[in-house]
Student: 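Here's a structure for you.
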2 protein chains.
Amino acid sequence: MTSDEKRSLTLRDVSEASGVSEMTVSRVLRNRGDVSNATRERVLKTAKELGYVPNKIAGALASQRVNLVAVIIPSLSNMVFPEVLAGISQTLEETELQPVVGVTDYLPEKEEKVLYEMLSWRPSGVIIAGLEHTEAARAMLDASGIPVVEIMDVDGKPVDAMVGISHRRAGREMAKAILKAGYRNIAFLGTKMPLDHRARKRFEGFTEALAKGGVEIAEKEFYSGGSALAKGREMTAAVLDRNPDIDFLYFSNDMIGAGGLLYLLEKGIDVPGQIGLAGFNGVELLQGLPRQLATMDACRKEIGQKAAEIIAARVNDEDTDMVTELTPKISYGDTLKRR
Amino acid sequence: MTSDEKRSLTLRDVSEASGVSEMTVSRVLRNRGDVSNATRERVLKTAKELGYVPNKIAGALASQRVNLVAVIIPSLSNMVFPEVLAGISQTLEETELQPVVGVTDYLPEKEEKVLYEMLSWRPSGVIIAGLEHTEAARAMLDASGIPVVEIMDVDGKPVDAMVGISHRRAGREMAKAILKAGYRNIAFLGTKMPLDHRARKRFEGFTEALAKGGVEIAEKEFYSGGSALAKGREMTAAVLDRNPDIDFLYFSNDMIGAGGLLYLLEKGIDVPGQIGLAGFNGVELLQGLPRQLATMDACRKEIGQKAAEIIAARVNDEDTDMVTELTPKISYGDTLKRR
DNA sequence: CTGAAAGCGCTAACAG
DNA sequence: CTGTTAGCGCTTTCAG
């Protein structure tokens, strides 16, 4: 038990304990440059005995390199962002870079704050969800001088690089599939989230394609808060109550879609004969429902992987694509007639 | 457009641009000490114009203070840890501390590695899930000299402080409730995760309490990988196929329990008359199922809050409880007879 | 292969 | 209220 419990060990402590210069200890610990095997072993041994943990703060300041990638996402309780994160972590694992995540709760001001905090640690790159940011946030990203990848969405102009899907297109495609299957009395049910730009874009693409087919949305219903499954149920009940002619329900996410599905099945309604349903995201979680919900894969993991690849490449001064659009596949499941 | 796109701005740049010493600029930016309003405004203005973002690396090194709390958890794709995180973030928001999360995937070696990485940034505290760590990890925590809170579990000896529930007790309580309701042919269905010590402890407590009631587990079934909902379904089918006398299914988490529930309802089995079910966690997500699954709240958010409070207090050299045991409440839902 | 010197960008501690 | 002087613990660079 030493006298000072607070101060942690430094390179100097290891240097003194091993009788080797700080510089050589540093070399061993980073295995950089040539060090004789004898000294290397000695240093490693004493470092372990002492329980030395290098101070990255000092290292980063001296070397002017921080192997951190800031990842800024709206939420963790959504299942979609953890999957993006998984993709990022997985591909960064092959590099010396490490992700550090910040959460914005879909609030622009919080995003700005989180971004500022993260940039103040001088990360090697930024991966940030969405293309909509405050002006100040854009300015910071622009001024940071580090690679920036905006993810999830490609309907807009990126600060630097972007990888994602076109949500407008996703909405259009689903509308076309629904029309093609013969449905005409279509309802849209989603979150009351003016700041979820991707959901908004899907909705816009959806109504646009319906319009092109001469169909107008028959009902709209929005919710906020609460359990998504329960809300899906309630919203479905409300919509059908208001308009019993509805023959299709397009949900802005799979979770509320699942709620709607369970409700319809309980009511003994013929799905997808009498009423069809579709969600969005392709969450694996929901495999195991009585019927497989029609949905569209948001390419979450691929987006994460690709974004991480771009950062890794740019950190090594390699060139990369500036725009990477992935194309989500529609899956019909058991709730959308095949044609 | 300046000549050097790479180098980011320093205090010195702001100092020169505003004609005020670096020290005073620093004071303004941290609003520390007294600075005349005139200079303060001038500094703030030029800092903003330049788009200066302070370098926390340098600041932390100089001040020997890093306002980061390392949060180390097994997984993000589980719904339980994001809620713990939410609790932590929420209460840290009232302080100057910030959480930084690391994920271990339930692997002890990865936990060790992540811990090492995080400690090398010299955080102000550590919140880490579970009481089981490698010897090296314990040693690091012990040597770090910073407050450490182990969370989720209180069945064991903490390195420093701990806050959580007793999973052994949770298992026992559920067993008692099940026996009291009159069920006797009981199956346990869970994950094949030898490293999920909390699930293991629940199982142990469960079998122990059953034994005390003269009942032995009739069937066990474990899974790994795949969609939990689907797995719950399959496992339930398998168990009932093997042993049609089963009258209760205890699942190690709500998600597989929900799968089992949907399966039984589809088969037209009387729940909870013929067969009862219970899960664990109390995930809000699942409200909206046809029946409410019996479960036990794991106090996730409270655990996060309490842990964060402890760290915050300890950082300010205040004393705190070393052991905080929360008591989960059983919720009978519609799948466990009330008595 | 090893060491000495000079900072990295900021803040603590003192002086004015 | 403002400025000066020393570092924080490490790495870069340049000499041996």
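Residue numbers begin at 1 in each chain, while the letters A, B, ... track the order of the sequences.
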Student: When you compare the side chain of Ile146(B) with that of Ser124(B), does any pair of heavy atoms fall below 4.5 Å?
Tutor: no

Student: Heavy atoms, side chains only, cut-off 4.5 Å: are Tyr52(A) and Val43(A) in contact?
Tutor: no

Student: Any base atoms under 4.0 Å from Arg65(B), or only sugar-phosphate, or nothing? Heavy atoms, all strands.
Tutor: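 The answer is sugar-phosphate, as Arg65(B) gets under 4.0 Å only of primed atoms, P, OP1 or OP2.
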
Student: Shortest non-hydrogen contact from Leu97(B) to Ala312(B)?
Tutor: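 Closest approach of Leu97(B) to Ala312(B), heavy atoms only: CD1-CA, 4.0 Å.
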
Student: Between Val20(B) and Leu11(A), just flag the one whose closest nucleotide in DNA chain D comes earlier from the 5' side.
Tutor: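 Final value for this comparison: Val20(B).
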
Student: Could you tell me whether Glu135(B) and Arg138(B) make a salt bridge, using a distance below 4.0 angstrom between a side-chain N and a carboxylate O?
Tutor: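 Arg138(B) and Glu135(B): not salt-bridged.
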
Student: For Asn55(B), answer base if it contacts any base atom (sugar-phosphate contacts may also be present), sugar-phosphate if it contacts only those atoms, and nothing otherwise; contact means non-hydrogen atoms under 4.0 Å.
Tutor: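 Sugar-phosphate contact only - Asn55(B) comes under 4.0 Å of backbone atoms but never of a base.
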
Student: Base, sugar-phosphate alone, or nothing: which one does Arg32(B) contact when heavy atoms must sit under 4.0 Å apart?
Tutor: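 Touches nothing.
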
Student: Is there a side-chain contact between Tyr116(B) and Pro54(A) (heavy atoms, below 4.5 Å)?
Tutor: yes

Student: How about Val20(B) and Ser15(B): do any of their side-chain heavy atoms sit closer than 4.5 Å?
Tutor: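 No, too far: nothing below the 4.5 Å cut-off.
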
Student: Are more than 12 heavy atoms from other residues, nucleotides or ligands located less than 6.0 Å from atom CG of Asn316(B)?
Tutor: yes

Student: Give the angle between the helix axes at the two ends of the helix from dC1(C)-dG16(D) to dG16(C)-dC1(D), taking five base pairs at each end and rounding to 10°.
Tutor: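 End axes: 30° apart.
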
Student: Under a 4.0 Å N-O cut-off, is there an ion pair linking Glu117(B) with Lys113(B)?
Tutor: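 Here Glu117(B) does not pair with Lys113(B) in a salt bridge, since their nearest N and O are not under 4.0 Å apart.
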
Student: Please list, in 5' to 3' order, the outermost nucleotides of DNA chain C lying under 4.0 Å from any heavy atom of chain B.
Tutor: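 Result: dG9(C) to dC14(C).
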
Student: Answer whether the closest heavy-atom distance between the side chains of Met162(A) and Met322(A) falls below 4.5 Å.
Tutor: no

Student: Where each residue is assigned the nucleotide of DNA chain D containing its nearest heavy atom, which of Val35(B) and Thr10(A) is assigned the position nearer the 5′ end?
Tutor: Val35(B)

Student: Would you call Arg27(A) and Asp34(A) a salt bridge, taking side-chain N to carboxylate O under 4.0 Å as the test?
Tutor: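 Salt bridge absent between Arg27(A) and Asp34(A).
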
Student: Between which nucleotides of DNA chain D, 5' to 3', does chain A make heavy-atom contacts below 4.0 Å?
Tutor: dG9(D) to dT13(D)

Student: Which distance, rounded to the nearest 0.5 Å, do you find between the CG of Leu85(B) and the CG of Leu92(B)?
Tutor: 10.0 Å

